[in-house]
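All values below come from the heavy atoms of this structure, side chains included, with hydrogens, waters and symmetry mates left out. Computed from a predicted structure; not experimentally measured. One is the number of the first residue; the rest follow in order along the sequence.
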Amino acid sequence: MQTSFWKNLTRFVFLILLQGLVLEHIDLPANLHCMVYPVAILLLPFQTSASVVLLAGFLAGLCVDLICQVPGLNAASATFMAFVRVVYMRLDNRHDTGRDNDLSGTPLPGQMGWGGFVGYALWTVFLFHLAYFFLDASSFKNIFYTLYLSIGSSLLCFVCVLLAVTLFKPKANTR
């Protein structure tokens with residue numbers, strides 16, 4: 001449990017700093033945004049309480065907002081994503097947390113299956129971006145452009161999620 005806490009905290013801090021100090025200063029074509037800090041919320045262990053997930057989402061967004069000097073946009077979007085994650089995990093009873101290694105409860109393709117993980121990651125990432133861009137636009141005036149930004153940035157973030165879980169997958173438990 002202690003090892004899992006430090007791994008999650010390290011991932012949390014690293015992704016927030018990467019987002020705020022590096023990725024926010026990269027201009028991508030077609031006004032897309034590469035957001036990687038939602039991965040920290042996505043990969044919190046299954047057994048994390050709802051209040052801790054919501055608090056982690058809020059703190060992650062708030063930290064990015066403070067670094068980027070944006071007034072609450074990331075905090076609101078990340079908190080909404082954390083709420084979606086909590087609801088998704090309550091509705092999805094397929095995950096197994098009965099193993100005793102410290103990463104067994106982490107939502108990864110090995111735990112959820114690739115289909116379950118892709119569905120989980122795509123929905124939560126898309127809803128995060130949808131909230132982010134609609135809050136940024138503050139209206140439904142350019143709804144198709146906002147949807148374009150949400151879908152494009154979600155796909156970009158989802159590629160980052162896939163890279164993170166395939167490049168940094170945990171080692172198998174060797175007993």
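Atom CZ of F14 sits in a sparse spot, with 12 or fewer heavy atoms from other residues, nucleotides or ligands closer than 6.0 Å.
Between L149 and H129, every side-chain heavy-atom pair lies at or beyond the 4.5 Å cut-off. The shortest side-chain heavy-atom distance between F128 and V84 does not fall under the 4.5 Å cut-off. The shortest side-chain heavy-atom distance between V165 and P109 falls under the 4.5 Å cut-off. L21 has its side chain out of reach of I16: every pair of non-hydrogen atoms, C-beta onward, lies at least 4.5 Å apart. Looking at F12 and L59, their side chains come closer than 4.5 Å, going by heavy atoms from C-beta outward. The closest side-chain heavy-atom distance from I67 to L17 is below 4.5 Å. A 4.5 Å side-chain heavy-atom check between C160 and L163 finds every atom pair outside the cut-off. A 4.5 Å side-chain heavy-atom check between F158 and V118 finds at least one atom pair inside the cut-off.
Atom CG in L55 sits 10.0 Å away from atom CG in L62 (nearest 0.5 Å). Between atom CG of residue L127 and atom OG of residue S77 there is a gap of 11.0 Å, rounded to the nearest 0.5 Å. We find the CG-CG distance between L32 and L155 to be 9.0 Å, quoted to the nearest 0.5 Å. One distance of note links CZ of F126 with OG of S153; it measures 11.0 Å at 0.5 Å rounding. Distance OH/Y132 to CZ/F80: 16.0 Å, rounded to 0.5 Å. Here the CG-OG distance, from L147 to S154, works out to 10.0 Å after rounding to the nearest 0.5 Å.
Between A82 and G57, the shortest heavy-atom distance links the atoms CB-CA, 4.1 Å. Taking both residues in full, the closest heavy atoms of P107 and F117 are given as O-CE1, 3.3 Å, listed atom of the first, atom of the second, then distance. Of all non-hydrogen atoms in M81 and T124, the two that sit nearest each other are CG-O, 3.8 Å.
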Show me the side-chain donor-acceptor pairs of residues 33-46 shorter than 3.5 Å, one per line, residues at least two apart or across chains.
from, atom 1, to, atom 2, distance (Å)
Y37, OH, N74, OD1, 2.9

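Residues forming a ring pair (Phe, Tyr, Trp, His ring centres under 6.0 Å) with F83 (at least two apart in sequence, or on another chain): none. Residues passing the ring pair (Phe, Tyr, Trp, His ring centres under 6.0 Å) test with F134, sequence neighbours excluded: F140.
Of the possible polar contacts, one joining the S138 side chain to the L135 backbone as a donor-acceptor pair under 3.5 Å is found. Here the side chain of D65 pairs no donor or acceptor atom with the backbone of P71 at under 3.5 angstrom.
Linking Ile, Leu, Val, Met, Phe, Trp and Tyr whenever their side-chain heavy atoms come within less than 4.5 Å leaves V87 and V52 in two separate clusters.
The aromatic ring centres of Y88 and Y120 sit less than 6.0 Å apart.
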